[in-house]
Amino acid sequence: MQDYQPGEIEAKWQRHWEQTGQFTPDLNPDRKKFYMLTMLPYPSGDLHIGHWYAMAPSDAYARFKAMQGHEVFFPIGFDAFGLPAENAAIKHNIHPKEWTYQNIERMRGQLRSMGNRFAWDHEVISCDPDYYKWSQWFFLRMLEKGLAYREHAPVDFCNHCQTTLAREQVWGDERLCERCNNPVVKKALNQWKLRITDYAEELLDFSQIEWPEKVRLMQTNWIGRSEGAEFAIAVQGHEQSFRVFTTRPDTVFGMSFCVLAPEHELVEAITTPEQREAVDAYRELAARKEEIERTAEGKEKDGVFTGAYALNPMNGQAVPIWIADYVLASYGTGAIMAVPAHDERDFAFARKYGLPTPVAVVEVGTHDVPEGSELEEPLLVKENSVMVNSDAFTGKAWPSSFDAVVEHMEAAGFGARQVNYRLRDWLISRQRMWGTPIPVVYCGTCGLQPVPDAELPVTLPDDAEFKPTGESPLKHHQGFLKAECPKCHGPAERETDTMDTFICSSWYYYAYLFPYWQKGETLSADSQPWDREVMKRWAPVDQYTGGIEHATMHLLYFRFYTKVLADLGLLSFREPALRLYNQGMILGEDHEKMSKSRGNVVNPDELVQRYGADTVRTYLMFLGPWDAGAPWNPQGIEGAARFLKAVWSLVQQPLPEAAGEAAVEKKVQRALHQMIQKVSEDMAHFRFNTAIAAMMSFRNVLKAEGIGRSLMLESLQALLRLLAPIAPHLTEELWQVLAPETGSVHAQPWPTFDPSLTKEDEVTIAVQVNGKVRERLEVPADLSKDELEQQALQAPRLQPHLEGKTVRRVIVVPGRLVNIVVN
RNA sequence: GCCGAGAUGGCGGAACUGGUAGACGCACCAGACUCAAAAUCUGGCGAGGGAAACCUCGUGGGGGUUCGAUUCCCCCUCUCGGCACCA
C-alpha cells in the first residue's frame with residue numbers, strides 16, 4: 001500500500017482540474033446557477049492563515065453546492081489599489097504597480113495551493129486600467145445624476161497616511177486611522193462625496209436579503225434613523241431665524257434655552273457686542289480643538305451666551321441663545337432647542353450655567369408635578385409620558401402628544417415632521433497616487449469639467465516619482481497633471497485625488513462575470529458595462545462570505561452601489577447578495593489576535609508543506625463553529641491529519657472478501673445513513689465542525705469486523721463524496737481507486753439517505769427517580785408507553801430508590817426517558 | 001453610557017422542540033507492537049468519596065418556573081464585538 005503523500009497528489013490534481021477547466025462555469029447553464037463569492041484579498045504579498053480560514057470553508061460550500069447539482073461560479077481576484085503599495089514604493093524605490101503585480105503572482109500560487117475551485121479565467125485585478133475604466137465611467141454617470149458632488153468641508157485627515165478618510169475608516173474613541181492607527185485630524189478641504197444618504201431609507205430595508213442579524217443591526221445603527229420634527233425659531237429683534245431638529249416635540253414647552261453649534265452661520269450676526277469677545281474666543285478654541293488631535297479630554301459641557309434671545313414659537317417666550325460644542329454642526333440643523341428637564345446633556349449644561357429647568361412632561365399618573373428647580377436629575381420619560389405646563393396641550397399623552405404638537409407646527413407653518421439620519425455622504429477623495437483617478441479636470445475658464453467617456457480611462461503614470469514627502473506624486477507629475485479642457489480646449493489641470501479603494505470593491509462581483517469587458521474599446525455614455533442577459537441570469541450573488549469587520553464599510557457600500565447601478569438602469573435588482581455569512585477570526589495559540597509583534601502568526605505555507613492542504617482545510621473547518629472563530633492549536637492539526645490518513649488506508653486496503661454478518665451490517669448501514677443525513681444538514685448550514693465529527697464517528701464504525709464487500713464499498717464511496725468538499729485532493733485520488741470509471745469525485749452527485757434506514761430499532765431509555773438517572777434500559781424503539789413504564793418500575797436497580805416511597809407520578813417520554821416521581 | 005454576542009472537562013468544542021451533559025478531536029495515562037523510539041492499534045480519561053457495587057456534586061454566580069433546565073424567566077459578574085455629545 002502506498003503512503004499518503006499529500007504534496008504529490010495535491011499538485012497533480014490542482015493542475016488537472018485547471019487544465020480540464022472543471023471550475024469554469026457555463027454561463028448559459030441548463031441547470032440552476034449558484035454564484036458563490038468570498039471577499040477578494042488585498043495583494044499584501046503573503047497569504048495569511050486568516051485567508052485560508054475565510055476561503056477554504058467557502059470553497060467547501062461551493063463544492064457542496066456543485067455536487068448538489070448547481071452550476072457554480074466561485075471567482076477570485078485582487079483588490080489591488082491601496083496605500084501599502086505606495087509605502088513599499090517609497091521604501092524600496094519600486095513602482096506600486098510592480099510591487100502589486102509581484103505580490104499577485106506570489107499569492108496566485110498560494111491560493112492555488114489551497115485547492116479551491118476558483119474560476120481563475122474570470123480573475124479580476126482592480127488596478128488594471130481595463131477594470132478601473134468602468135469605475136470612472138460609473139463615476140461620470142453619478143456625476144451627471146448629481147450623486148457625486150464636490151464640497152469644501154471639514155473632513156477627517158490622517159497626517160501619517162497623508163490622506164482624507166471616510167467616516168467609516170476612523171476608528172474608536174481616539175479617532176484613529178483604520179490603516180495606520182494614528183489619530184486623525186480635521187481639515188477643511190475640497191472633497192468628492194457620493195450621496196449615500198439619499199439611499200439611507202432603502203438601506204434600512206433588509207427584507208429582500210438573508211443577512212446575519214448582527215450585520216443588519218450594525219448597519220441599522222450606523223444609518224441611525226430618528227423620527228422627529230424640524231421647526232424654525234425666530235431670534236428676538238432680528239429678521240433671521242434658525243431651525244432645530246428634535247425627536248421630542250412634545251417637550252417644546254420645556255425649552256429654556258437654545259444652543260447653536262459654534263460653526264453655525266447665524267452666530268456671527270446675532271452675537272451682541274458685550275458677548276462678542278467671549279463668543280469669538282470660544283469659537284476659536286472650538287475650531288482649534290478640531291485641528292488638534294481630539295484626545296480623551298474631559299467631556300464636561302461648556303459654552304458661551306451669545307447675548308441674543310430666541311422666541312419659543314409655541315408661546316412666544318424668550319430664551320437665551322448659547323453656543324456650545326456639544327451641539328454638532330454636522331448633524332440635524334446644527335442647532336437645538338434645549339429642554340434640560342428632559343435631556344441629560346441639556347440638564348448638565350443648565351445646572352452648570354444656572355439656567356432654568358422647567359418640567360414639560362411627567363409620567364402618566366403623576367399627582368404632583370415637580371418644580372424644575374427641585375429636579376436632581378432629568379426626567380426621562382417617553383412612552384408613558386403626558387404633557388404638563390403646556391398650555392392647551394397639557395394632558396396630551398404619548399404618542400398623540402408628539403402628533404398634536406407637530407400638527408400644530410405644520411398648521412401654523414413654522415415646522416414639520418422630519419426624519420434624520422446619522423449616516424453621512426461617502427467621502428471618496430484620497431490624496432494618494434495608487435488608486436482610481438477621478439476623471440475630471442479643472443479649467444481656468446470653464447471650471448470643473450468631466451473627462452469625456454471616449455477618453456477613459458484616465459490612467460496612472462508608470463513613471464511617477466516616489467519621494468517620502470507624504471504627498472501624492474500625481475501632484476508633481478506634469479504629464480499627468482496637464483490636460484486639455486474638453487469644452488474650450490484651453491489648458492486645464494487634472495484632479496489629482498484618487499478614489500477610495502472601497503469604490504473598486506463595490507462592484508467587483510459584477511466584473512467577475514465579464515473580466516475586462518470591452519477591453520481597449522472606446523466608451524460613450526451609452527456604453528453597456530456588461531451583458532444584460534448573462535447578468536440577469538447570474539446575479540445577484542447567492543452566497544457571500546467574509547469578515548464582519550466590513551459590516552459598516554464594504555458591506556454597506558456595495559449595497560449602495562447596486563442600488564445606484566439599478567437606478568442608472570444597468571441592473572434589474574437592488575441587492576447585491578441574497579445571503580451573507582460572516583466567518584469568525586482565527587486567533588493565535590495564545591488566544592490573541594495574530595500579529596507579527598506578538599509572534600503568534602501561523603504560516604499556512606509551512607503547514608501545507610508539512611501536512612498537505614487537505615489536512616489544513618479539514619482542521620480549520622473542524623476547529624469549531626465557523627462564525628465563532630477559534631484559537632489555533634498546533635497540536636490539534638494532528639487529529640485532522642490522522643483522520644485523513646485513516647481514510648487513506650481504509651480505501652487503499654483490499655476490500656473484505658468474506659460475507660458480511662447481518663447484525664453488524666445492519667448497524668453499519670444505519671450509521672451510514674445517519675452520517676449522510678447529518679453531514680448534508682450540517683454542510684447546508686456551514687456547520688463544518690460537526691459534519692467532520694460525524695464522518696470521524698463513521699470511520700470509527702467502519703473498524704468493526706463483519707462488514708461485507710458491497711456494504712464496505714458503498715460506505716467508502718459515500719464517505720469520499722461527503723468528504724470531497726472538505727478534502728478535495730485526497731478524495732479525488734481515492735475515488736480513482738474505488739470508481740475510476742465515473743470520473744472526478746467532484747462531478748458525483750451528493751449522496752442521499754433513506755430516512756427509514758436511519759431509525760434505530762433499539763433505544764437506550766434513561767430511568768430517573770426524581771430526576772436522577774438510576775438505570776438505563778435497552779428496549780425496542782417501538783415499545784409502548786405502558787410497557788416502558790412497567791419495565792421501568794420493575795427494574796431491579798431502581799428498587800432501593802423506590803422502597804418505602806409512594807409513586808406520585810410517572811413521566812414517560814418514548815425513546816428518551818422515564819421519570820418516576822416519588823416521595 | 002447604549003446596543004449586540006458569549007461564558008460547558010487540562011484545551012478546541014458537542015447536545016433535537018425543556019428530556020441520559022461532555023459527541024468528535026487534542027493533550028494526558030495504561031497496554032500491545034518494537035532492541036528502542038516514532039508511527040500505528042486497544043483501553044481509560046469532569047470533580048470528590050468508596051475495596052467495589054455505587055453515592056454526592058457539576059454547564060460563570062444567585063434566585064425562579066418545571067416531574068425534569070446547558071436550554072425558559074429575573075438579578076448579578078466577567079469576556080468579546082459595535083456605537084458613542086446624533087438632540
Side-chain angles (χ1 to χ4, degrees), chain A residues 3 171-173 212-222 224-226 228 244-248 251 259 261 299-301 324-328 330-339 342-346 348-349 420-424 548-549 551-552 584-585 587 589 591 618-619 622-625 627-640 642-643 645-646 649 678 681 687 689-700 703 763-777 797 800 808-823:
Chain A
D3 271 357
W171 281 8
D173 223 359
E213 175 73 21
K214 186 168 185 181
V215 176
R216 299 200 320 252
L217 245 151
M218 280 171 75
Q219 293 202 347
T220 302
N221 291 338
W222 187 258
R225 179 184 202 274
S226 51
V244 296
F245 173 74
T246 177
T247 54
R248 294 298 302 277
T251 64
V259 186
K299 282 201 172 161
E300 194 179 327
K301 291 169 189 33
D325 66 1
Y326 82 89
V327 171
L328 308 173
S330 52
Y331 181 77
T333 60
I336 61 157
M337 68 164 189
V339 184
H342 307 297
D343 181 281
E344 247 167 318
R345 294 151 300 173
D346 298 347
F349 195 82
N420 258 334
Y421 303 93
R422 295 160 72 155
L423 184 70
R424 303 296 147 79
I548 187 87
E549 66 274 15
T552 56
M585 207 194 304
L587 302 172
E589 209 180 324
H591 291 55
T618 305
Y619 182 54
F622 182 64
L623 273 174
D627 58 350
W632 179 261
N633 177 350
Q635 284 173 322
I637 194 170
E638 295 289 348
R642 278 177 209 147
F643 170 59
K645 254 185 253 173
S649 358
K678 174 82 177 139
E681 287 169 5
R687 293 192 294 251
N689 57 329
T690 46
I692 293 167
M695 289 187 266
M696 286 173 166
S697 293
F698 184 67
R699 98 107 185 151
N700 291 336
K703 287 174 189 168
V763 288
T764 311
I765 299 291
V767 185
Q768 303 179 326
V769 177
N770 287 345
K772 287 198 172 110
V773 180
R774 299 299 180 181
E775 174 64 304
R776 291 182 166 91
L777 298 175
R797 283 171 48 177
R808 293 288 167 197
R809 221 175 133 181
V810 180
I811 288 128
V812 182
V813 183
R816 296 267 173 208
L817 57 67
V818 177
N819 188 11
I820 301 164
V821 187
V822 300
N823 67 358

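Note on naming: letters A, B, ... go to the chains in the order of the sequence lines (proteins, then strands), and numbering restarts at 1 for each one.
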request  = If B/A37 has a Watson-Crick or G-U wobble mate with both distances under 3.5 Å, name it; if not, just say none.
outcome  = none
query = Which part of the nucleic acid, if any, lies within reach of A/Lys772 when heavy atoms closer than 4.0 Å are counted: base, sugar-phosphate only, or nothing?
reply = sugar-phosphate
inquiry  = Go nucleotide by nucleotide along RNA chain B from the 5' end; which of A/Gly624 and A/Lys645 gets its closest nucleotide reached first?
reply    = A/Gly624
key: Pairing nucleotide - B/A52, Watson-Crick or G-U, each distance under 3.5 Å   = none
ask   = When all nucleic acid strands are considered with a 4.0 Å heavy-atom cut-off, which category describes A/Ile811: base, sugar-phosphate, or nothing?
value = base
Sugar-phosphate only, base, or nothing, as touched by A/Gln635 at under 4.0 Å among non-hydrogen atoms = sugar-phosphate
query = With both distances under 3.5 Å as the test, what is the Watson-Crick or G-U wobble partner of B/G1?
reply = B/C83
ask   = What's the base orientation of B/G9: syn (chi within 90° of 0) or anti?
value = syn
request  = Find out whether A/Val810 and A/Val821 are in side-chain contact, i.e. whether some heavy atom of one side chain is under 4.5 Å from a heavy atom of the other.
outcome  = no
key: A/Ala630 side chain, from C-beta outward: closest of B/G13, B/A87, B/C11   = B/G13
inquiry  = What's the gap between B/A7 and B/U59 when it is taken at their P atoms, as a whole Å value?
reply    = 13 Å
remark   = A/Val821 has its side chain closest, among B/C67, B/G82, B/C16, to B/C67
inquiry  = Nearest whole Å is fine: how far is B/A84 P from A/Glu344 CD?
reply    = 18 Å
message = Give me the atom names and distance for the closest heavy-atom approach of A/Asn819 to A/Asn770.
response = OD1-N, 3.5 Å
query = Quick one: does A/Ile765's side chain get under 4.5 Å of A/Val763's, heavy atoms only?
reply = yes
message = Given B/C85, B/A84, B/C3, identify the nucleotide with an atom nearest to the side chain of A/Asn221.
response = B/C3
ask   = What interatomic distance, in whole Å, is found between C1' of B/G31 and the corresponding atom of B/C45?
value = 15 Å
message = I'd like the P distance from B/A30 over to B/A39, given in whole Å.
response = 15 Å
request  = Determine the contact category for A/His591: base if any of its heavy atoms lies under 4.0 Å from a base atom, sugar-phosphate if only primed atoms, P, OP1 or OP2 are that close, otherwise nothing.
outcome  = sugar-phosphate
message = With a 3.5 Å limit on both atom pairs, tell me what B/A23 is paired to, counting Watson-Crick and G-U wobble, or say none.
response = none
query = What nucleic acid atoms does A/Leu217 come within less than 4.0 Å of, heavy atoms only: base, sugar-phosphate, or nothing?
reply = sugar-phosphate
task = Indicate, with a heavy-atom threshold strictly under 4.0 Å, whether A/Arg216 touches base, sugar-phosphate, or nothing.
result = nothing
request  = Nearest whole angstrom, please: distance from the P of B/A14 to the CG of A/Asn700.
outcome  = 19 Å
inquiry  = Heavy atoms from C-beta onward define the side chain here; which of B/U20, B/A14, B/A87 lies closest to that of A/Thr690?
reply    = B/A14
inquiry  = Expressed as a whole number of angstroms, how long is the span from A/Asn689:CG to B/G25:P?
reply    = 14 Å
request  = Kindly point out which of B/U20, B/A14, B/C24 is positioned nearest to the side chain of A/Met696?
outcome  = B/C24
Out of B/A87, B/U20, B/U42, whichever nucleotide has its closest atom nearest the side chain of A/Lys703 = B/U42
message = Between C1' on B/G1 and OH on A/Tyr326, what's the gap in Å once rounded to a whole number?
response = 17 Å
request  = Classify the side chain of A/Arg797 versus the base of B/C54 as yes if they form a donor-acceptor pair under 3.5 Å and no if they do not.
outcome  = no
key: B/C57 to B/A21 separation - P atoms, rounded to the nearest Å   = 13 Å
inquiry  = Under 4.0 Å, heavy atoms only, any strand: does A/Thr764 hit a base, just the sugar-phosphate, or nothing?
reply    = base
key: Spacing of A/Trp222 atom CH2 relative to B/G81 atom P, expressed in whole Å   = 17 Å
query = Do A/Trp632 and A/Tyr619 have ring centroids that are under 6.0 Å from one another?
reply = yes
Whole-Å gap separating P (B/A69) and CG (A/Leu817) = 12 Å
ask   = Which base sits across from B/C57 as a Watson-Crick or G-U pair, both distances under 3.5 Å?
value = B/G46
key: Selection from B/C3, B/C55, B/G12 that lies nearest to any side-chain heavy atom of A/Phe622   = B/G12
ask   = Under 4.0 angstrom, heavy atoms only, what part of the nucleic acid is A/Val327 near: base, sugar-phosphate, or nothing?
value = base
note = note: A/Tyr619, atom OH; B/C11, atom P; distance rounded to Å ~ 14 Å
query = Across all strands shown, which nucleotide pairs with B/U65 by Watson-Crick or G-U wobble geometry, both distances under 3.5 Å?
reply = none
remark   = Walking RNA chain B from its 5' end, the first of A/Phe245 and A/Ser697 to be reached, judged by nearest nucleotide, is A/Ser697
query = According to a strict under-4.0 Å criterion, is A/Arg809 in side-chain N/O contact with OP1 or OP2 of B/C67?
reply = yes
task = Name the pairing partner of B/U71, where a pair is Watson-Crick or G-U wobble with both distances under 3.5 Å, or state none.
result = none
query = Is there a side-chain contact between A/Leu777 and A/Thr764 (heavy atoms, below 4.5 Å)?
reply = no
key: Pairing partner of B/C78 (Watson-Crick or G-U wobble, both distances under 3.5 Å)   = B/G6
query = With a non-hydrogen cut-off below 4.0 angstrom, is A/Arg774 in contact with a base, only sugar-phosphate, or nothing?
reply = sugar-phosphate
key: Whole-Å gap separating C1' (B/C55) and CG (A/Asn770)   = 16 Å
message = A side-chain contact here means heavy atoms from C-beta on lying under 4.5 Å apart; do A/Val822 and A/Val769 qualify?
response = yes
request  = Between B/C26, B/G68, B/A87, spot the one nearest the side chain of A/Asn819, thanks.
outcome  = B/G68
message = Could you tell me how far B/G49 sits from B/G1 if I compare only their C1' atoms? Round to whole Å.
response = 50 Å
inquiry  = Over all strands shown, is A/Arg642 touching base, sugar-phosphate only, or nothing at heavy-atom distances under 4.0 angstrom?
reply    = sugar-phosphate
query = Counting any heavy atom closer than 4.0 Å, what does A/Gly636 reach on the DNA or RNA strands: base, sugar-phosphate only, or nothing?
reply = sugar-phosphate
